[in-house]
Amino acid sequence: MNLMETIHLHKNDFSKTEHKVYDYIVQNPTAIETATITKIAELCQVSTSGILRFCQVLGYKGYKDFRFDMLHYLHQEHVEVNPENLFDELTSKYLSVIRQFNNIDQNKLNQLIKQIKNTKNIYIIGVHYSSLPAKHLVLGLQDLGINTYFAYDYMQASHLYNTIHEDDLLIYFSIEGNQNNVSRFFDLTNASKNTYMITLNPKPKLLIENTLILPGYTLSKQSIVDLQSIVVIFVELLLNMFHNTLKED
């Protein structure tokens with residue numbers, strides 16, 4: 001029996017409050033990827049203690065253990081899809097990811113927008129599949145009159161990184177958030193407070209204080225291509241929010 005079957009099995013065991021959690025998680029299971037217990041409570045319109053009781057009914061000590069098993073379930077799920085319904089199935093999965101954008105850390109996002117606005121030198125790095133959303137941000141900022149420096153391969157990134165000063169802003173795109181290739185060319189392990197990483201991986205191996213985790217990691221694991229589209233949509237949202245701050249001046 002998988003986790004979702006277990007959740008359905010306990011449907012009649014939940015209180016009225018816990019049923020709100022049940023309804024939300026059944027409809028939005030991938031939200032667990034990036035959401036903290038506080039965020040899930042907010043989305044379900046219950047208290048954090050309501051989330052804890054929901055997890056305990058299922059036999060877990062707390063949300064952390066439940067989330068671990070949910071992530072395992074999501075990453076291992078392989079559903080047979082009727083080829084005739086494949087387009088609808090894929091569309092639904094993408095829409096589910098887009099609806100989770102409200103789980104993105106708004107404080108860090110607003111902080112990044114503020115730094116883009118107030119920093120003279122902006123450096124943007126994105127290599128391989130991560131280069132497309134990075135370039136999209138570069139071109140969008142240039143259209144808004146903001147000059148940037150851009151690197152799309154590791155040799156360029158290494159040269160660019162060595163020119164960055166502590167007060168400059170660095171935005172690093174990495175879909176997986178790994179550090180193996182990065183560490184060969186430049187060291188982000190001691191990144192300054194003005195360095196931001198944008199990734200899909202909720203548990204990136206590269207640890208940077210200002211990390212914006214986007215939804216869609218589970219979908220990226222089920223796809224034959226890296227989900228550049230999700231990051232590009234985020235970039236477009238970022239650019240529109242940034243443009244709005246310019247209008248306020």
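This is a predicted model, so every value here is computed, not measured.
In this structure, Ile7 is not a member of the same hydrophobic cluster as Phe68, with clusters built from ILVMFWY side-chain heavy atoms closer than 4.5 Å. Hydrophobic clustering (ILVMFWY, side-chain heavy atoms < 4.5 Å, transitive): Leu95 and Leu237 are in distinct clusters. A single hydrophobic cluster is seen to contain both Phe242 and Leu212, as judged by linkage of ILVMFWY side chains at heavy-atom distances under 4.5 Å, directly or through other members. Under a hydrophobic-cluster definition in which Ile, Leu, Val, Met, Phe, Trp and Tyr are linked whenever side-chain heavy atoms come within less than 4.5 Å, directly or via other members, Ile124 and Leu139 are assigned to different clusters. If you chain together hydrophobic residues whose side chains sit under 4.5 Å apart, Val127 and Leu132 never meet in one group.
Rounded to the nearest 0.5 angstrom, Ile32 CD1 and Ile37 CD1 are separated by 10.0 Å. Note that CG of Asp167 and CG of Asn121 are 9.5 Å apart. Values are rounded to the nearest 0.5 Å. Annotation: the span from Ile125 atom CD1 to Leu160 atom CG amounts to 5.5 Å, rounded to 0.5 Å. The distance from atom CG of Leu200 to atom CD1 of Ile175, rounded to the nearest 0.5 Å, is 6.0 Å. Put simply, CG on Leu43 and CZ on Arg99 are 12.5 Å apart, with the number rounded to the nearest 0.5 Å. Taken to the nearest 0.5 Å, the CD atom of Gln115 stands 5.5 Å off from the CG atom of Leu169.
Pairing each heavy atom of Ile51 with each of Cys44, the nearest pair is CD1-SG, 4.4 Å. When all heavy atoms are compared, the tightest approach of Lys203 to Asn201 is N-OD1, 2.9 Å. Smallest separation of non-hydrogen atoms from Lys117 and Thr245: NZ-O, 3.3 Å. Heavy-atom minimum distance, Phe150 versus Ser131: CZ-O, 3.9 Å. Pairing each heavy atom of Ser174 with each of Met197, the nearest pair is CB-SD, 4.3 Å. The shortest non-hydrogen separation linking Arg67 to Pro202 is NH2-CB, 4.0 Å.
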* Can Leu239 and His243 be said to form a side chain to side chain contact (heavy atoms under 4.5 Å, CB included), step by step? -> CA-CA 6 Å; Leu239 287 168; His243 179 254; over 6 Å; no

* Residue pair Glu33, Leu71: steps toward the side chain to side chain contact (heavy atoms under 4.5 Å, CB included) verdict -> CA-CA 6 Å; Glu33 278 191 297; Leu71 289 176; 3.7 Å; yes

* Kindly determine whether Thr34 and Ile104 satisfy side chain to side chain contact (heavy atoms under 4.5 Å, CB included), including the steps that lead there. => CA-CA 8 Å; Thr34 56; Ile104 297 172; over 6 Å; no

* To do: Quick one: do Leu109 and Phe234 satisfy side chain to side chain contact (heavy atoms under 4.5 Å, CB included)? Show the steps, please.
  => CA-CA 11 Å; Leu109 179 56; Phe234 167 77; 3.9 Å; yes

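Side-chain contact check for Asn28 and Gln100: no donor-acceptor pair (N or O, by modelled atom type) lies under 3.5 Å. Under 3.5 Å, the side chains of Tyr196 and Gln111 contain a donor-acceptor pair of N or O atoms. There is a side-chain donor-acceptor pair under 3.5 Å between Ser47 and Ser49. Side chains of Asp69 and Tyr60: a donor on one and an acceptor on the other come within 3.5 Å.
With hydrogens and angles ignored, the 3.5 Å screen pairs a side-chain donor or acceptor of Ser92 with a backbone N or O of Asp88. At distances below 3.5 Å, not a single donor-acceptor pair connects side-chain atoms of Asn244 with backbone N or O atoms of Asn240. In this structure, the side chain of Lys93 does not engage the main chain of Leu219 through any donor-acceptor pair within 3.5 Å.
At least one side-chain heavy atom of His8 sits under 4.5 Å from a side-chain heavy atom of Tyr22. With contacts defined as side-chain heavy-atom distances shorter than 4.5 Å, the pair Asp168/Ile122 does not qualify. Looking only at side-chain heavy atoms (C-beta outward), Asn210 and Leu112 stay at 4.5 Å or farther from each other. At least one side-chain heavy atom of Phe173 sits under 4.5 Å from a side-chain heavy atom of Val235. Asn194 is not listed as a side-chain neighbour of Leu170, based on a closest heavy-atom distance of 4.5 Å or more. Proximity of Leu74 to Met70: side-chain heavy atoms (C-beta onward) are separated by under 4.5 Å at one or more points. Between Ile230 and Phe101 the shortest side-chain heavy-atom distance falls below 4.5 Å. Side chains of Ile171 and Ile116 form a contact here, defined as non-hydrogen atoms less than 4.5 Å apart.
Gln45 CD: 12 or fewer foreign heavy atoms inside a 6.0 Å radius. No more than 12 heavy atoms of other residues, nucleotides or ligands lie within 6.0 Å of CD in Glu166, so this atom counts as exposed by the packing criterion. Within 6.0 Å of CD on Glu209 lie no more than 12 heavy atoms contributed by other residues, nucleotides or ligands. For Lys108, the NZ atom counts as densely surrounded, since its 6.0 Å shell holds more than 12 non-hydrogen atoms of other residues, nucleotides or ligands.
Between Phe54 and Phe66, the ring planes are perpendicular. Angles over 60° get that label, and only those under 30° would be called parallel.
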